[in-house]
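Below: one structure, written as structure tokens.
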Amino acid sequence: MSYDPKAIEPRWQQYWRESGIFRAEIDTSKPKYYVLDMFPYPSGAGLHVGHPKGYIATDVISRYKRMRGFSVLHPMGWDAFGLPAEQYAIETGTHPRETTRRNINNFKRQFASLGMDYDWSREIDTTNPDYVRWTQWIFSKLYERGLAYLAEVPVNWCSALGTVLANEEVIDGKSERGGHPVVRIPMRQWMLKITAYADRLIEDLDLVDWPEPIKKMQRDWVGRSEGADIDFTVESADGESLRVFTTRPDTLFGATYMVLAPEHPLVSKITTPDQRGDVEAYVDRTQRKSERLRLADVQEKTGAFTGAHALHPITGERLPIWIADYVLISYGTGAIMAVPGHDERDYEFARTFDLEIREVVSGGNLDEAAYEKAGTAVNSDFLDGLPTHDAKARMIDWLEENGNGERAVSYKLRDWLFSRQRYWGEPFPVLHMPDGSTKLVPEADLPVLLPELDDYKPSGEFEPPLARAKEWLHTTDPETGVECVRDANTMPQWAGSCWYYLRFCDALNADDAWSKEAENYWMSVDLYVGGAEHAVLHLLYSRFWHKVLYDLDLVHTPEPFQKLLNPGMILGYSYRYYDDNLANAPDFRVRAVAASQVKLDGETATDAKTGAELKARWVNAEDVRWSDDGTPRHPEIEGLELEVVTEKMSKSRGNVVSPDDVIEQFGADALRLYEMFMGPLEKGAPWSAEGIPGMHRFLQRAHRLVAENEESVTITDGAGTKEQAQLTARTIQEVTDDVENLRLNTAISKLMVFVRDIVSENSLPREAAEAFVLLLNPFAPHLAEELWRSLDHQESPGLSAWPEPRSEFLETDRITLAVQVNGKRRDEVEVAADASEDEIRAMALASERVQSHLEGRDPRKVILVPGRLINIVA
RNA sequence: GCCGGAGUGGCGGAACUGGUAUACGCGCUCGACUCAAAAUCGAGUGGGCUCGUCCCAUGCGGGUUCGAAUCCCGCCUCCGGCACCA
């Protein structure tokens, strides 16, 4: 019988599901291994071939670790709150719960068809009331600790999404999802005090094994800087003092003016009557300037003079106080001392408004640019002659002694804006009392469930859809019977993903979020695999929650994820052109333009000839017409050449390849193998259909080798010839080493070499065959099951022990050494493995080729690299 | 602009701490099987020429070394992140 994945794969998938052999068990006699994928949002589009790369990798590792004797936890679940289901509900009236249920079923079907070994008894759905209950419970813990608070804050309001967004979700003034415009308006919102954990979020990165670039991104995001707060007295404003933060207290003598953010509370107080007009006009202008515009002209410095002056704390000099939007209200104290000699931004501002530039650190040329590096203090009274580092310390000492300031630390990280004005999220377990205070819904009354709504639309008036559910909204405090109001906001999608890895440890626990015992056994996550796009969002948020839980003694590790791996994205080829139908009008005489005729400026495309604005369009990959010279063309518009772009797979780009189709044609094992074989896990690459048949052929060969041996190959007992035993031992050793180091691509290539070379005189040794099937099992588990049975085993290979190489076959008695002359390879010699240097040297010098390259010269030096080469230097 | 990461055959990639560059797969060429094709199997496949015991090749230009894809210096290109954070 020939290899037929369609017949084999469903059979074993059913067996895995029904036998429950991959169920995770707490077994204290075994070491544990917790391998976790970032769980997906179950979208309506289902999985495409770009998704499973990480999932397949964890499946390989999970199966491997189980065979190595670990008790393995490898769960899967759904991050199922979120905008698309809600958007779909708005459009069609279908309840998000229904959409979510359908999508989850489709995802589960796809995961099953890929042959995943998930323990489905631990499945998590973040929208499930049993789960929401504990998400709300953790929020209550944050609230009790004072880490959740309501604040009137300027928020990122996105009217298209009808909600506020966290800073991290806004990119270039547009929403991260969908790219809709975002404006800043003040609103009363739930905030989480992540800044209280800023230092620990940086320090504890030393405890985890993560890619260095990701750690750096997190450090930079928290953005800790050390310096000093310095107080300036505002002249003639009844002793009003102005506090600034600086990282360069050593340049205090170089401060020639002060700048407040336009939103700074002092602005209205200190502005002099004759400057009021200018100042108010400027404040008004910056308020209306969108985030986007503010970014666009970062180079241009603008500002207005308040008419007020501050007094230099040491010299008593009068420094003019300006306002300018290059100073941000949300960082530091919202005010700065400007040192134009040693800060690029202040320098530009001073140049624009003709303010004094003073050198207080030597080393640069202030006629040309600000000098920001370290140097020696000059024109600085008691700091003169000190190097920057010492000058900073001396100045801080002076400030503290004289009561003019103190050592201070500032962070870029802001508190986490935690409420959304949407329907499909966790309600806040909070009651608003008539006196304006808030209190938690008692733990016994959790979860607070979402009310049913007829209409999921955001009102557009900054009011959440939940506010329309009057009966739900108005309730009574179960403790006092007082009438009160629920909170109409919902939590952001991050909430559910902040702690799901803990619930997986004990997913069926009805009394607690997790038991101490389960948490103790399984945590922390040994290997966490997921996209680098979560480097600062999900990973920072969940680390924060985890630390709060750690402080509450609810978890026993300070960090949740020990090792992190970011699989590279699999991209698709898409085919692009442009047209001038900007508004997608239905009856529009569309003019299509090839990419070669288009000028790109950032995100806007214009016609290179006419300058008219254009919109990018894509042709579905399968609809592309290929001309004879191999260029892609539009299927209908005659002669329109398409531009080939490699980008993330998405429906809108028409470049999605479904795993369903690949599995239908070549089987899940071939798909699994191909995705792992494409290259290193961390690296992304465009999907190419050409490689899959090669994997299919390899599996076919393996099948023929082990299971169809009646014709040409016979399985013989024992380890076979010396060469066969050596190849087997070496393959075991090398595959093991590769898997341990997550080099799954090279592990597969070694299995291929084995299949190519193992047969000798039409015989396949039984030991070799069995080792091979076991090595193959994590990668191609369906075929491995099949082959294992054909070798007369009753149990799954997934439950067998991983093979050990027989050490006596790892060593060889004769080795081949390269012979170099002056570093260039000229010949090779075969020597006994234990040959002495003199012997090897003699053999190398005896080589005809070596002699001819020596051209009669005597060797000056001979370098022997044991086991590798001998280099003769002449 | 700043900070990361990466550039190796026609393509995906391999080369572990500086030690035989191009493993493995795809593609291509030739051959076997076949009436023929597909499938399968086998052989070959970095480039060059004066076809040798040759020369040149790991983005470009230098350097260190007996020896460099690997280390150092200076550039170029692509990908990702950040973006007035005082």
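None of these values were measured; they are calculated from a predicted model. Proteins get letters first, then strands, A, B, ... in listed order; numbering begins at 1 in each.
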request  = Look through every strand shown and name the nucleotide pairing with B/A21 as Watson-Crick or G-U wobble, where both distances are under 3.5 Å.
outcome  = none
query = So which nucleotide from B/G27, B/U20, B/C24 ends up closest to the side chain of A/Arg868?
reply = B/U20
inquiry  = Considering every strand and a 4.0 Å limit on heavy-atom distances, what is the contact class for A/Asp346: base, sugar-phosphate, or nothing?
reply    = nothing
task = Using a 4.0 Å heavy-atom cut-off across all strands, classify A/Arg224 as base, sugar-phosphate, or nothing.
result = nothing
message = Just to be sure I understand the rule, does A/Lys216 reach a base, reach only the sugar-phosphate, or reach nothing, if contact means heavy atoms closer than 4.0 Å?
response = sugar-phosphate
ask   = A/Asp220 has an atom CG; how far is it from atom P of B/G1, in whole Å?
value = 19 Å
inquiry  = Distance criterion of 3.5 Å, no angle test: do you see the side chain of A/Lys750 paired donor-to-acceptor with the base of B/C24?
reply    = no
task = Would you mind classifying the nucleic acid contact of A/Val865 as base, sugar-phosphate or nothing, using non-hydrogen atoms under 4.0 angstrom?
result = base
query = Between B/A6 and B/U70, how far is it from one C1' atom to the other, in whole Å?
reply = 14 Å
Give me the distances for all protein-to-nucleotides 61-71 of chain B N/O pairs that come in under 3.5 Å?
{"unit_1": "B/C66", "atom_1": "O2", "unit_2": "A/Asn871", "atom_2": "ND2", "d": "2.3"}

ask   = Donor-acceptor pair, A/Asp738 side chain versus A/Leu744 backbone, under 3.5 Å?
value = no
ask   = So what does A/Ser225 touch, heavy atoms closer than 4.0 Å: a base, only the sugar-phosphate, or nothing?
value = sugar-phosphate
key: Short side-chain N/O contact to B/C84 OP1/OP2 from A/Lys301, under 4.0 Å   = no
query = Can a side chain N or O of A/Arg697 be found less than 4.0 Å away from OP1 or OP2 on B/G25?
reply = no
task = For the side chain of A/Arg704, starting at C-beta, report the closest nucleotide among B/C24, B/A86, B/C41.
result = B/C41
key: Between B/A69 and B/G46 - C1' atom distance, rounded Å   = 15 Å
ask   = So, A/Glu212 and A/Arg219, do they make that salt bridge, N to O below 4.0 Å?
value = yes
query = Between A/Arg543 and A/Trp210, is NZ or CZ placed under 6.0 angstrom from the six-membered ring centre and within 45° of the ring axis?
reply = yes
task = Once you apply the 3.5 Å cut-off to both distances, tell me the Watson-Crick or G-U wobble partner of B/A15, or none.
result = none
inquiry  = Tell me which nucleotide, if any, is Watson-Crick or G-U wobble paired with B/C51 when both distances must be under 3.5 Å.
reply    = none
inquiry  = Can you tell me the base-pairing partner of B/C75? Count Watson-Crick or G-U wobble geometry only, both distances below 3.5 Å, and say none if there is no partner.
reply    = B/G59
ask   = Any side-chain donor paired with an acceptor under 3.5 Å for A/Glu828 and A/Thr816?
value = no
request  = Tell me whether the guanidinium CZ or amine NZ of A/Lys301 lies under 6.0 angstrom from the six-membered ring centre of A/Phe353 and within 45° of its axis.
outcome  = no
inquiry  = Taking any heavy-atom pair under 4.0 Å as a contact, classify A/Met695: base, sugar-phosphate, or nothing.
reply    = sugar-phosphate
key: Phosphate OP1/OP2 of B/C41 contacted by A/Arg756 side-chain N/O (<4.0 Å)   = no
remark   = Paired to B/A43 by Watson-Crick or G-U wobble criteria (both distances under 3.5 Å) is B/U29
inquiry  = Between B/A38 and B/C33, how far apart are the two C1' atoms, rounded to whole Å?
reply    = 12 Å
request  = Indicate, with a heavy-atom threshold strictly under 4.0 Å, whether A/Pro680 touches base, sugar-phosphate, or nothing.
outcome  = sugar-phosphate
query = What integer distance in Å separates A/Phe698:CZ from B/C41:C1'?
reply = 17 Å
query = With a 4.0 Å cut-off on heavy atoms, is A/Gly694 in touch with a base, just the backbone sugar-phosphate, or nothing at all?
reply = sugar-phosphate
key: Ring centre gap for A/Phe666 and A/Tyr674 strictly below 6.0 Å   = no
request  = Please figure out whether A/Asp343 or A/Arg826 has its closest RNA chain B nucleotide nearer the 5' end.
outcome  = A/Arg826
